[in-house]
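Throughout, numbering of the chain's residues begins at 1 and tracks the sequence. The analysis underlying the following values was restricted to heavy atoms, covering all of them including side chains, and did not include hydrogens, waters or symmetry mates.
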Amino acid sequence: MTQLPMFGQPPDTPASKPAGDQVVTLRVLVTVKAAPNPSDKYGETVCVAGLSVDPARPGWVRLYPINFRELGGDASFKKYDVVLVDAVPARQDARRESWRPLMPTLHVENHLAKWQHRRPWLDPAINPQVTMCRLHRGATMNSQSLALITPKRITGLRITRHPGWTASQQAKIDAYMGQLTLFGNEDRTPLRAPRFTGTYHYECEEPGCRGHKQGFLDWEFVAFQILRLGDLNDATAQQELEQRFLNELCAPDREVAFYVGNVAAHPGTFSVLGVYYPPLRSGPR
């Protein structure tokens with residue numbers, strides 16, 4: 001993916017967060033909206049990530065927590081929006097890219113609707129030297145926890161039935177719903193577990209890579225199930241998911257890369273947060 005960079009590649013080692021809790025204004029190209037998870041305080045929370053488009057603060061940015069169902073129209077945003085938001089360093093998350101957004105300050109500056117407008121920012125963010133194997137080897141709390149990496153070969157997308165919320169997750173939902181009832185918000189529906197989970201199987205560009213199996217956490221994967229699968233039986237629904245997220249997004253006529261991110265408590269555990277799939281510039285690979 002050869003492209004003249006806007007600011008060059010993001011640094012391999014993220015810059016340290018400020019020592020204090022002063023507010024910083026971030027300008028971010030949103031590239032990831034993960035599927036919502038239960039929260040006892042917020043009901044449900046979403047992790048958002050993207051690329052800083054501020055030349056004074058290059059690199060990847062993680063914004064958490066965000067409750068999308070509580071956002072008003074002015075604060076609502078989608079993937080590939082450029083947003084401006086005030087944030088403070090996330091002190092309960094040691095990962096250097098992590099910030100706690102002050103959501104009332106967020107507003108959307110622009111939306112990059114076409115791949116030709118996204119590529120000048122994101123193609124340079126793909127560093128051929130940063131493979132999934134390398135991220136695993138160097139994983140610490142201070143190392144890179146977000147990246148855009150190219151798979152050498154995608155061997156499959158495994159679709160399985162979601163087991164349902166754990167007892168701990170359900171307790172968080174119940175506690176939050178109890179608070180809403182107490183304050184007269186009975187019309188709010190609890191967060192439902194998705195019908196299916198997905199796991200990408202692939203090999204990265206590292207010589208001798210033995211393969212990776214990573215959960216797929218993109219909100220679009222869950223939204224597709226809700227909006228498109230309806231009353232389809234499991235076998236047909238699984239085929240539809242594979243058709244969309246493997247055969248279409250990862251087709252031979254796409255220059256595929258994966259947005260990946262790790263887990264705060266387990267830095268060596270990475271997931272696929274989304275798929276970057278601009279069309280090939282000329283002809284098949």
Side-chain angles (χ1 to χ4, degrees), residues 1-6 9-10 28-35 46-51 53 60-61 77-82 110-128 130-132 135 146-159 194 196-206 209 211-229 238-261 270-285:
M1 298 184 182
T2 303
Q3 177 75 37
L4 292 176
M6 288 290 191
Q9 292 173 340
V28 181
L29 170 58
V30 176
T31 59
V32 166
K33 288 172 68 177
V46 170
C47 180
V48 168
L51 191 67
V53 291
W60 295 99
V61 174
F77 61 95
K78 54 185 179 291
K79 286 172 67 172
Y80 298 112
D81 278 350
V82 177
N110 193 13
H111 176 68
L112 305 188
K114 297 181 179 181
W115 288 113
Q116 68 191 62
H117 300 139
R118 302 167 184 171
R119 296 189 73 142
W121 297 102
L122 293 166
D123 280 13
I126 302 172
N127 184 346
V130 178
T131 64
M132 193 64 249
L135 290 173
L146 292 167
L148 182 56
I149 62 104
T150 53
K152 181 178 181 180
R153 187 167 71 100
I154 301 171
T155 56
L157 173 62
R158 185 180 180 221
I159 309 294
F196 298 101
T197 64
T199 304
Y200 276 109
H201 295 216
Y202 69 97
E203 298 169 6
C204 72
E205 297 282 2
E206 181 91 0
C209 173
H212 305 280
K213 299 177 183 179
Q214 294 175 337
F216 184 38
L217 305 186
D218 194 344
W219 197 350
E220 291 182 2
F221 183 73
V222 175
F224 188 90
Q225 299 176 45
I226 297 170
L227 300 175
R228 301 285 295 275
L229 300 188
Q238 288 172 312
Q239 290 173 1
E240 290 293 316
L241 285 167
E242 185 172 309
Q243 173 63 24
R244 174 58 181 162
F245 293 98
L246 182 63
N247 299 334
E248 294 179 12
L249 267 60
C250 302
D253 63 350
R254 299 283 175 175
E255 294 191 37
V256 178
F258 287 151
Y259 297 106
V260 297
F270 281 80
S271 301
V272 175
L273 307 178
V275 183
Y276 180 66
Y277 56 101
L280 280 176
R281 292 187 180 277
S282 61
R285 290 183 180 178

- Task: Side-chain contact test, heavy atoms from C-beta onward, threshold under 4.5 Å: evaluate it for D218 versus K79 and give yes or no.
- Result: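 Side chain of D218 against side chain of K79, heavy atoms only: contact under 4.5 Å found.
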- Query: Are the side chains of R254 and W115 in touch, meaning some heavy atoms are under 4.5 Å apart?
  - Reply: yes
Grab the two heavy atoms, one from [X] and one from [Y], that are nearest each other, plus how far apart they are.
X    : Y    : result
A49  : L146 : CB-CD1, 4.1 Å
V260 : L273 : C-CD1, 4.0 Å
F245 : E220 : CZ-O, 3.6 Å
A257 : T150 : CB-CG2, 4.1 Å
Y202 : Q214 : OH-OE1, 2.6 Å
C204 : C209 : N-SG, 3.3 Å

To the nearest 0.5 angstrom, please state how far the [atom1] atom of [X] sits from the [atom2] atom of [Y].
X    : Y    : atom1 : atom2 : answer
N127 : L148 : CG    : CG    : 10.5 Å
H111 : L29  : NE2   : CG    : 10.0 Å
Y200 : I154 : OH    : CD1   : 7.0 Å

Is a side-chain N or O of [X] found less than 3.5 angstrom from the main chain of [Y], in a donor-acceptor match?
X    : Y    : result
T155 : H201 : yes
K33  : F77  : yes
R118 : L112 : yes
Q225 : F196 : yes

- Task: Would you sort out whether V130 and L135 count as a side-chain contact (heavy atoms from CB on, under 4.5 Å), showing the intermediate values?
- Result: CA-CA 7 Å; V130 178; L135 290 173; 3.8 Å; yes
- Test side-chain contact (heavy atoms from CB on, under 4.5 Å) applied to R244 - qualifying residues, sequence neighbours left out: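 In terms of side-chain contact (heavy atoms from CB on, under 4.5 Å), with neighbours along the sequence ignored, R244 is linked to F224, E248, L249, Y277.
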- Item | Partners meeting side-chain contact (heavy atoms from CB on, under 4.5 Å) with A34 (sequence neighbours left out) | C47
- Message: Check the orientation of Y80 and Y259. Use parallel for under 30°, tilted for 30 to 60°, and perpendicular for over 60°.
- Response: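 Rings of Y80 and Y259: tilted, as their planes differ by 30° to 60°.
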- Message: Tell me every residue that passes salt bridge (charged side-chain N to carboxylate O under 4.0 Å, His left out) with E203, counting only those two or more places apart in sequence or in another chain.
- Response: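 Here the qualifying residues are R153.
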- Message: Quick check on side-chain contact (heavy atoms from CB on, under 4.5 Å): which of V222, T199, V275 does F216 satisfy it with?
- Response: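 Passing option: V275.
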